[in-house]
Amino acid sequence: MSEQQDNLHAMRHSLAHIMATAITRLWPEVKLGIGPVVENGFYYDIDLGDTTISEDDFERIESEMKKVIEEKQEFVESEKAIDEAIDWAKQASQPYKEELLNDLKRAGTTVAGDLDASELGTITSGDSAVESVSFYANGDFTDLCRGPHVESTNKVGAFKLMRIAGAYWRGSEKNAQMQRLYGVAFSTPKELRQHLEMLEEAKKRDHRKLGQELDLFVISDLVGPGLPLFTPRGTVLRNELIKFSEELQRAGGYEAVWAPHMTRTELYKVSGHFDKYPERFDVSSVESSDTFMMKPMNCPHVAQIYASRPRSYRDLPLRYMETTTMYRDEKSGELHGLSRVRSLTQDDSHAFVRHDQIADEMRSIIGMVKDMYAVLDLPLSVDLSFRDDSDNYFGDPKVWAEAQKVIEEVAKEEELDYRIEPGEAAFYGPKIDIIVTDALGRKWQCATVQLDFIQPERFELEYIGEDGEAKRPAMVHKAILGSIERFLSVYIEHTGGKFPVWLAPEQIRIITVNQEEETLKFASDVQREATELGLRVTVDNANESVGKKIRNAELYKVPYTIVLGEKEIESGVVMPRIRKDIEVESQHEAHNVSEFLKTIVNETKSRTLKSSL
RNA sequence: GCCAUCUUAGCUCAGGGGUAGAGCACUUCCAUGGUAAGGAAGGGGUCUCGGGUUCAAAUCCCGAAGAUGGCUCCA
């Protein structure tokens with residue numbers, strides 16, 4: 001972390017204390033949980049018993065916080081012996097702090113997750129237990145805290161309270177539910193303003209809103225939550241993306257296969273998924289009966305295609321792809337537009353490879369991923385999800401170590417911007433998770449490449465080696481777009497609905513000036529010509545003003561609009577209206593109709609037109 | 001699944017214990033139009049669903065479903 005980041009961190013953390021100070025002044029009976037720094041800001045968990053705070057109280061809290069800031073209270077660190085600290089917590093009636101301290105005393109740590117860890121008192125000696133912990137005080141307010149803080153309450157930059165959420169004490173639903181107050185904070189008012197503007201922009205681009213406005217998908221109560229239906233426009237997006245992905249895969253030697261969407265549950269018992277994630281299988285809403293279920297993933301099915309006949313080392317790699325829909329019983333609270341659904345379609349593939357072919361296959365896949373996201377104008381970075389020392393993983397640790405080495409080498413060779421994330425691996429093997437950064441700077445995981453030694457083992461997959469001995473292949477799972485639904489949610493927000501020409505559901509809209517026979521005929525001639533060139537074109541000959549029809553085309557963010565009337569019929573020349581983000585030599589040049597259509601075709605075919613946002 | 005908030009026409013939303021509202025969209029008519037909304041008329045709602053209170057419930061109360069924001073989870 002740079003010095004600047006350290007300072008921002010201290011500011012945010014100090015603001016959490018200042019908020020707690022303000023809340024303690026306004027509600028002296030408050031029981032405080034923890035108050036860590038999070039991305040872009042901070043929060044504090046509070047428990048007010050029967051009272052609940054609402055966002056209407058933010059004004060009061062913020063103005064109290066401003067008072068604390070103006071008082072320029074110094075942050076003073078002190079140490080207390082652990083028992084003394086526990087007494088303090090008792091006297092201050094802070095049961096949550098007391099619990100943390102007791103855990104510290106007993107275990108030297110608390111069992112809670114990462115966020116809590118930064119909140120714990122400093123361990124000054126010994127491994128197994130703690131002798132003393134650190135406190136920070138500002139004015140009358142003292143809190144168990146490891147720090148660091150800024151020197152005084154007036155050095156905290158700009159902040160704003162954002163929202164209230166329910167949160168369980170230490171993240172467990174067995175515990176008391178507290179209220180979590182979130183704030184954002186930045187070093188300068190300007191950065192805060194930029195952040196708030198970004199949130200405004202994100203709201204405007206919300207894919208659920210754009211999905212409705214641009215008529216891309218719908219969710220019907222009768223069909224059910226998490227089961228989106230795609231309209232013709234949305235389906236064009238889906239199909240074009242899938243087509244591109246499959247072209248990349250075909251070039252990499254992948255052949256299409258097909259599997260039904262239902263299976264005997266037994267398949268997942270053999271694969272090991274059922275025992276590993278029982279809670280994901282025991283819910284009837286995606287199950288058809290005790291013995292059959294909707295498929296929640298694809299790999300075990302494809303493994304059966306491999307297993308259907310004897311394989312030779314000469315056959316490998318065998319590369320199968322299938323863009324297919326799977327069904328997962330996501331909990332209702334987890335569903336969100338297209339980004340979290342119950343029916344998700346993956347551009348899935350599985351390669352069965354010899355161990356000496358793993359690196360090449362990984363390299364080839366990384367190439368596809370790079371090509372895809374270059375065209376989609378989404379910069380990418382990579383998380384190498386490796387195992388940790390826990391026993392959550394199947395298989396031989398030695399094989400894992402070897403595979404992880406190969407993966408890291410490939411990441412280096414391909415010059416990927418990568419981070420290693422221990423403990424993030426799937427239970428059957430290490431993964432490469434590809435993270436894209438959208439136009440608003442938000443990060444999303446999309447593509448994933450996963451190495452799997454376990455399913456070949458579970459399904460007893462074999463090939464006959466050069467020496468005549470049966471050998472076990474490895475499986476390489478991959479999805480370039482990941483879930484198409486989820487990718488669309490990211491991409492709709494990335495582009496704000498201004499899709500590049502090759503993807504645009506409607507590439508050209510022809511607007512007629514009037515309803516005269518001659519005009520209508522000319523419009524339909526141009527439409528036919530464009531359609532024959534493979535373009536997606538519609539004619540708006542509604543009995544409306546030209547201005548109105550232009551406006552409608554704009555609202556649908558159609559890349560090219562041409563108005564046809566008497567002038568165009570006579571001259572054969574059009575003055576296209578081109579969506580502003582599209583780079584062209586001149587926005588206002590007149591074109592011969594046929595020439596113009598051919599230019600669009602070229603742009604479409606190259607798939608390289610970037611939407612500059 | 002848990003907590004909070006919300007659910008009124010296809011969409012965006014106002015209203016609120018006593019005959020259900022607007023804009024857009026839709027239909028029809030007039031206007032035949034020139035690069036972001038031409039004019040008029042009309043149709044459209046068991047006010048999410050189920051119970052309760054009341055002379056009377058869309059409105060108040062309870063419950064359910066769905067949505068939204070979080071929490072938790074994400075093979």
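Basis for what follows: all heavy atoms, side chains included, without hydrogens, waters or symmetry-related copies. Sequence lines set the chain letters: A, B, ... in the order given, protein chains first and strands last, and positions in each chain run from 1.
A:E568 comes within contact range of at least one nucleobase, with a heavy-atom separation under 4.0 Å. Among the heavy atoms of the strands lying under 4.0 Å from A:R208 are primed sugar atoms or P, OP1, OP2 only; no base atom is included. Within the 4.0 angstrom heavy-atom criterion, base atoms lie near A:N543. Looking at heavy-atom distances under 4.0 Å, A:G565 makes contact with a base. Among the protein residues, A:V546 comes within range of the sugar-phosphate backbone only, with heavy atoms under 4.0 Å from sugar or phosphate atoms but none that close to a base.
Taking atom CH2 of residue A:W444 and atom P of nucleotide B:C74, one finds them 18 Å apart after rounding to whole Å. Atom CG in A:L181 sits roughly 15 Å away from atom P in B:A4 (whole-Å rounding). Atoms NZ (A:K204) and P (B:U12) sit 18 Å apart, rounded to a whole Å. We find that CE of A:M162 is positioned 14 Å from P of B:C71, with the value rounded to whole Å. As a whole-Å value, the separation of A:K431 NZ from B:C74 P is 10 Å. As rounded to whole Å, 12 Å separates atom P of B:A25 from atom CG of A:D540. One atom, CZ of A:R509, and another, P of B:U35, lie 18 Å apart when rounded to the nearest Å. Atom C1' of nucleotide B:C73 and atom CZ of A:R340 are separated by 7 Å, given to the nearest angstrom.
Ring pair A:Y327/A:H261 is tilted by interplanar angle, where 30° to 60° counts as tilted.
Pairing each heavy atom of A:D452 with each of A:I454, the nearest pair is OD1-N, 2.7 Å. Considering all non-hydrogen atoms of both residues, A:L229 and A:S220 come closest at CD1-CB, 4.0 Å. Between A:I407 and A:L384, the closest heavy-atom pair is CG2-CD2, 3.8 Å. Of all heavy-atom pairs spanning A:G423 and A:D388, the tightest one is CA-OD2, 3.4 Å.
Rounded to a whole angstrom, the distance from the P atom of B:G23 to that of B:G38 is 16 Å. Rounded to whole Å, the separation between the C1' atoms of B:C24 and B:C62 comes to 37 Å. A distance of about 11 Å separates the P atoms of B:A9 and B:G45, rounded to the whole Å. Taking the P atom of each, B:G17 and B:A58 are spaced 13 Å apart, rounded to whole Å. B:A40 sits 26 Å from B:C11 when the P atoms are compared, rounded to a whole Å. Distance check on atom C1': B:U8 versus B:C13 gives 9 Å, rounded to whole Å. When the C1' atom is used for both B:G42 and B:G50, the distance is 36 Å, rounded to whole Å. Nucleotides B:A20 and B:U48 are separated by 14 Å at their P atoms, to the nearest Å.
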Polar atom pairs (N or O), protein with nucleotides 5-11 of chain B, under 3.5 Å:
{"residue": "B:C11", "atom": "O3'", "partner": "A:Q212", "partner atom": "NE2", "Å": "2.8"}

Can you tabulate the close N/O pairs, meaning under 3.5 Å, that link protein atoms to atoms of nucleotides 43-47 of chain B?
none

Worksheet item: Would you write out the dot-bracket form of RNA chain B, 5' to 3', with Watson-Crick and G-U pairs under 3.5 Å, [ ] for crossing pairs, | for pairs to other strands and . for unpaired bases?
Response: (((((((..((((....[..)))).(((((.......))))).....(((((..]....))))))))))))....
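Contact between the side-chain N/O atoms of A:H477 and the OP1/OP2 oxygens of B:A75 is not found at any separation under 4.0 Å. For B:A75, the OP1/OP2 oxygens have no side-chain nitrogen or oxygen of A:Y327 closer than 4.0 Å. When the side-chain nitrogen and oxygen atoms of A:R180 are compared with OP1 and OP2 of B:C3, none of them lie within a distance under 4.0 Å. For B:A25, one of the phosphate oxygens OP1 or OP2 lies less than 4.0 angstrom from a side-chain nitrogen or oxygen of A:K548.
Comparing A:R551 and A:K567, the nucleotide of RNA chain B nearest to each residue sits closer to the 5' end for A:K567. Position along RNA chain B of the nearest nucleotide to A:E516 versus A:K549 favours A:E516 as the more 5'-ward residue.
With distances taken from any side-chain atom of A:R328 to the nucleotides B:U32, B:A75, B:G70, the minimum falls on B:A75. When each of B:A37, B:G69, B:A36 is scored by its nearest atom to the side-chain atoms of A:H336, the top-ranked nucleotide is B:G69. Proximity note for A:E544 (side chain, C-beta onward) versus B:A75, B:G38, B:U35: the nearest is B:G38. Distances from the side chain of A:Q450 to the nucleotides B:C71, B:A75, B:G69 place B:A75 closest.
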Worksheet item: When you look at A:E213 and A:Y556, which way does the side-chain hydrogen bond (donor to acceptor under 3.5 Å, both in side chains) test go after all the steps?
Response: CA-CA 8 Å; A:E213 288 172 4; A:Y556 272 99; over 6 Å; no
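Between A:K295 and A:T263, the side chains place no donor N or O within less than 3.5 Å of an acceptor N or O (distance only, hydrogens not considered). Between the side chains of A:S385 and A:D433, a donor-acceptor pair is found at a separation under 3.5 Å.
Note on A:E201 versus A:K204: salt bridge recorded, some NZ/NE/NH1/NH2 to OD/OE distance being below 4.0 Å. Ionic pairing of A:E506 and A:R509 is present here: one or more N-O contacts between side-chain nitrogen and carboxylate oxygen are shorter than 4.0 angstrom. With respect to A:E493 and A:R442, a salt bridge is recorded, a charged nitrogen being found less than 4.0 Å from a carboxylate O. In summary, A:E554 and A:R577 engage in a salt bridge, as defined by a charged side-chain N under 4.0 Å from a carboxylate O.
For the pair A:R12 and A:F42, the NZ or CZ position fails the cation-pi test of under 6.0 Å to the six-membered ring centre and within 45 degrees of the ring normal.
Remark: aromatic rings of A:H350 and A:Y306 are distant, center separation not under 6.0 Å.
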